[in-house]
Each structure stands twice: as C-alpha cells, then as structure tokens.
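The next block holds one structure in the form of structure tokens; read it before the comments.
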Amino acid sequence: MERRLTTILAADVVGYSRLMAADEAGTLTALNAMRSQIMDPKTAQYGGRVVKLMGDGTLMEFASVVDAVAFAVDVQQAVAAHNQAVPEPTRIAYRIGINIGDELVDGGDIYGDGVNVAARLEAMAAPGRVCVSATVFEHTRNKLDVAFEDLGEQHLKNIAAPLRVYQSCLDNAAADAAPGATPDAAQAAGRQWPAPPRVEQALGSIAVFPFDLLSPDPADVYLADGLTAEIINMLSSVPDLRVASRAAILSARDRKDADADPWALVRTHAFRYVLTGNVRRGADRLRVIAELTDAADRTQLWSATYDRTLADIFEVQEEIAKAIVVAFGGELLRAEWARVSATAPADLAAWELVHKARALNLPVNRDALDEALALARQAVERDPGYANAHACLASIHVQRVISGFSAEPENDRAAAVAAIERAADLAPDDPTVLRTLGKVWSTCGQQAKAVSALRRAVEVAPFDYHIWGRLGRTLAYGGDEAGLAEGHAILDRILATAPGHPMVGYWCYFKANACALGGRHEDAARFARRSLDIQPGYTGAWMALANALGAQGLVDEAREALAGALRTNPAMTPQHLAEQIAIAAGGDAEHAEKSLSGLKAAGLL
C-alpha cells in the first residue's frame, strides 16, 4: 500500500433517518437528484474523487486543499439555493468536514487518522456548514472569499489530541434554507436582536489566575478563592473588558493533557493580560501580592503588595481591580469602575459564608444544597445589606426546586422571590443579581420578567457568556417561535465564541432541549451527547438524550438514557421535568408536552 498526503472531505445528510422514516422512496429520489445535479458536476469541476458512498454519507479526496474547501462551500450554497423551493420537512442538507492527512491508499480506498478526523469534523458541523481543521484553515485563509468562525480547541471522539476547529459562516439564504436551521448571530442583528459580542470587540482582555494560598492552614483556601472570584466579578462588570472565568482557568489547570496549564487557555483565546497573585494569612493579618503580566511575552507590567488586616480584604480586592481598570485607561472604564465597586459587603464573615455556599452549590446534590442554604441564610443574617448574599440565597432556593430536592416547592419559590427582590433593591445593576433574578423569575413562570432581567444583565456585562447562556435558554424555553429562534441564535454564537467556557456542557443541554422543541431530534441527541461528553453525571443531559432517542423510535436506547438520568438524580423524574418546563413557559402544559414528546412517544412519560 502506498502513502500520500491528501485532503479528505466527509459529508452526510442532515436528519437522514427522519427523512427515510417519513418518505423512503421520495428521500432516495431527492438524494439521487441532489447527487446528479449538484454533487457530481461540482466534483468534476473542482477535481475531486469520490472514494466511496455510504448511504447518506460521502467520502472524497482532493489533491488541492483550496479546491476542496471551494467545492464544499459551492455545494452548500447550491443546496441552499435549491432548498428555497422545497418544503422544509423534505429538504436535504449536508454537513461537511475537511482535513489534511498522510493516508494509506489501498486500491481505491483510503485509511488513516486523517479520515477519522474528517468524519468527526463533519459530525460537528451545523446543517449547511463546513467544519475544517486548523491546517486546512491556514492553507486557505485569504485565498477564498469565505468567512470562518474559530470554534477553539475541540476534543474529538477517539482522537487523542485536541484539535482547533473552524466553521464556515452562513449567509441568510443558506440559514433559512437549511432544515430546522436557526438564525445565526448576523441574522439576529438584522432582526434587531442583541447578540453576544465577539472577542475582538473588547477594548481589553484579561485572565485572572486563581490566587495561590501560602498560609499553612488549608482551611484558609476560601480566602484565595474568594479574592480571585471577587476580582473576576468586579472586572466582568466593566463593559468592553473581556475576562476569563475562574472556572475556565481551573478547568485548564486541572486537565490531564499536555497543554494542561492556564497559559494554554490564554494562548488559545488570545487574552492580552494575565493577573496572578498569592495570599498569606497570619492570625488577623493578611498579605496579598498581585502581578499584572503581558500575556504575549510574560513581561511584568505592574505589581503590588498589600499588608492589611483581614477585615481589609474588600479594600484589597477593590484596589487590585481598580489598578487593572486604570491600566487599560479610558474615562469610560474609570466611570464604570465607580459604579461596580460600590457593592462590597460590610461584614467579612458574610462574604466568607457566601463563597462557601457558592462552592457547595456547584455539585448539585441534596446534602450539599442543604448545607449551602444554611450558609447563605447565615450570610444574610450577618449582613442584611449585602446584595450577593440575598442573590446566593435565592439561587439555592430555586436550585432545590429545579433539581427536585424541595419538599415544598412553592415555599422555596416564594423565598427565592423575596430574596432576589431584596438583592435587586440593594444592587439593581449588579450582573450576578440580575442573572439570578432571571433564573428565579423563569423558575416561577414569569417569562417576560425573566427575559427583561437577563437583557439588562447582558447590557451591564456584555462579555459575561454565562448570562448570555441563561438568556438563550430562557428565550428558547419560553413557548413562542420568536423566542426559540433568538434562543438558538444566542446559544449558537456563544458555543462558537467561547468553546472552552465551563458552562459549555450546560449550553449544549439547553441546545438539545431547544432542538427538541423544534422537532429536530437528531440534533437534540447530538447536543445531549456532547453535553454528556463534558459532564457524564449531568442528569438533565441524560434526560434530553432519552427524549431525543424516544422521539426517533429508539425505545430501548431511550430507556437506557432515562436510567442514566435517574441514577444521577432519582428526584428528577420525567414528570418533574415536565412540570418545571410547563412552569417556565408560564404554566403552558401543552408546551411541556411538546418539549418532552419523545419520552411520551416511548412510553416513558
């Protein structure tokens, strides 16, 4: 067998199983027509070779990488134009993946990792789009009039090393013509929807590494973690300043691969500055050392040492954050700082309690939530004027309801509303308060209030993708087609813009449910599986997968997925989930039934 470097293209039909189940003969006729009228002529035009056809799938190779990408884009545009005259339920659309690899050639077939990567890229692509590896992108950039979005480093199934992936952008016609496709961010802007900003729109960007604890007592770790989190929160509230989340940095640090260090994340997402530091406690004294570094060459730009009493920790975190804002310059940033720095607590113990409660609220289980609730209550008692203590308390109350751990859901909802309304009175423009306000109103069935709070939150903190994700979910679950379309657009943009964000697993779950609401059950299963790849113990993603499989008639597989959901959280039954979705949609039981139609079809609801 010979070896040769070649460009591999993999393509398949979106929703092929659904199309065949609905009309087998019609689908085969349409697919053959698509091949003879579009695929075959363009293959000859661009010098491609069909290696093999696999039902709805096609494997091809090209001698020129430029020709391969030009072919793929030309095909997608031609298919989109063709689909304009075809009813949406019967449209045929392709996903395409392209890679370059040194392959083994055996007769007319090709083998190797390059083929596997192309297949994984094809599976990642949205309907009507083309996903390419970084190598393909570098070989074709500035040679074709094609725009690509950087999806960041992706961990592809059965591929050892992470791979940087780029996806072609769709024009409006292509997006409208793809079956079940939703508007992308460009369309969202055209319809006067606010869109999550791209990273290049920030005036500055910074990654805050977790401050190291140098104290001998490991119980003081909350001081370092809390200081880091508060500095991130303050900086995230400044418009036009892009800030890496603490969880994203921790995720990069804790990964096991060769690039498992926070600097890899800094390089991948092009952060301009990095803040590092350490904390040492001795009795009631505190020493904090902070250093601002240029990420490009790791040159130290600024450093400071703070020797204070423990009670002065709020002043320390404010001084550090303010110094960074001033370093970026601009009167606008300075004015914004004056606004966001006015919400510090009056009591150190309340601050400690809130950060301990938030840490416990991350792994969702009954005991942790009970303990977090007790800590949040103590924080409110110690400092009734601390807005984030009330917001923390509200978030835990609604999380008990969402997770099925509440013995009295109506009481928890009422307590959450009271707590978050108090927080909003104390700090009406705090993004954490506004995000929690949206979560509470959604859980209480107040859709319009939830959306209003979250829209205000993204105005205050436009680079906080956590808030954008919550807004996308709330719109998509709200029960109307316009909200579903905008929710898809938001989730698509943040998944493309922040692929390494720690909330990606949740965003994929939100996308799975949104796809189910639109009847796109194969896409729903794909996003649910992607969510589970990131967090295998996520109950919601297991439930979404069960629903998507049930809708496709895969009853045994759906039953296995439902068993996975109940293993991770027996309290979140299909009935509980249906109730929560109905409440979020303002009491619309029909909407809940539609969103969980797959579970019902499989006899699991």
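Nothing fancy with the numbering, it's 1 onward along the sequence.
In summary, the aromatic rings of Y538 and Y506 are positioned with their centroids under 6.0 Å apart.
Salt-bridge check for K511 with D523: failed, with every basic side-chain N at 4.0 Å or more from each acidic carboxylate O. Ion pairing of R455 with E486 is present here, as a side-chain N (NZ or NE/NH1/NH2) and a carboxylate O approach within less than 4.0 Å.
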Show me the side-chain donor-acceptor pairs of residues 598-605 shorter than 3.5 Å, one per line, residues at least two apart or across chains.
| residue | atom | partner | partner atom | Å |
| --- | --- | --- | --- | --- |
| K600 | NZ | E593 | OE2 | 2.8 |

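Rounding to the nearest 0.5 Å gives a distance of 9.0 Å between CZ of F71 and OH of Y46. The CG atom of L545 lies 15.0 Å from the CZ atom of R530; values are rounded to the nearest 0.5 Å. Interatomic distance, CD of E522 versus CG of L549, reported as 10.5 Å (0.5 Å rounding). Taking NE2 of H82 as the reference point, atom CE of M34 lies at 4.0 Å (rounded to 0.5 Å). Between H397 atom NE2 and T436 atom OG1 the span is 13.0 Å, to the nearest 0.5 Å.
Counting non-hydrogen atoms of other residues, nucleotides and ligands closer than 6.0 Å to CD of E408 gives a total of 12 or fewer.
The backbone N or O of F148 sits nowhere less than 3.5 Å from a side-chain atom of S168 that would complete a donor-acceptor pair. A donor-acceptor pair is defined here as one N or O able to donate and one able to accept, closer than 3.5 Å; no such pair exists between the side chain of Q535 and the backbone of S531.
Counting heavy atoms from C-beta outward, V458 and D464 have side chains that stay 4.5 Å or more apart. Counting heavy atoms from C-beta outward, N547 and L577 have side chains that stay 4.5 Å or more apart.
Listed by first then second residue, pairs satisfying salt bridge (Lys or Arg N to Asp or Glu O under 4.0 Å) with a partner in residues 71-81 read K42-D74, not counting sequence neighbours.
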Handout entry: From CA spacing to verdict: side-chain contact (heavy atoms from CB on, under 4.5 Å), Q399, F405
Key = CA-CA 8 Å; Q399 193 61 55; F405 295 141; over 6 Å; no

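Residues forming a side-chain hydrogen bond (donor to acceptor under 3.5 Å, both in side chains) with S406 (at least two apart in sequence, or on another chain): D412.
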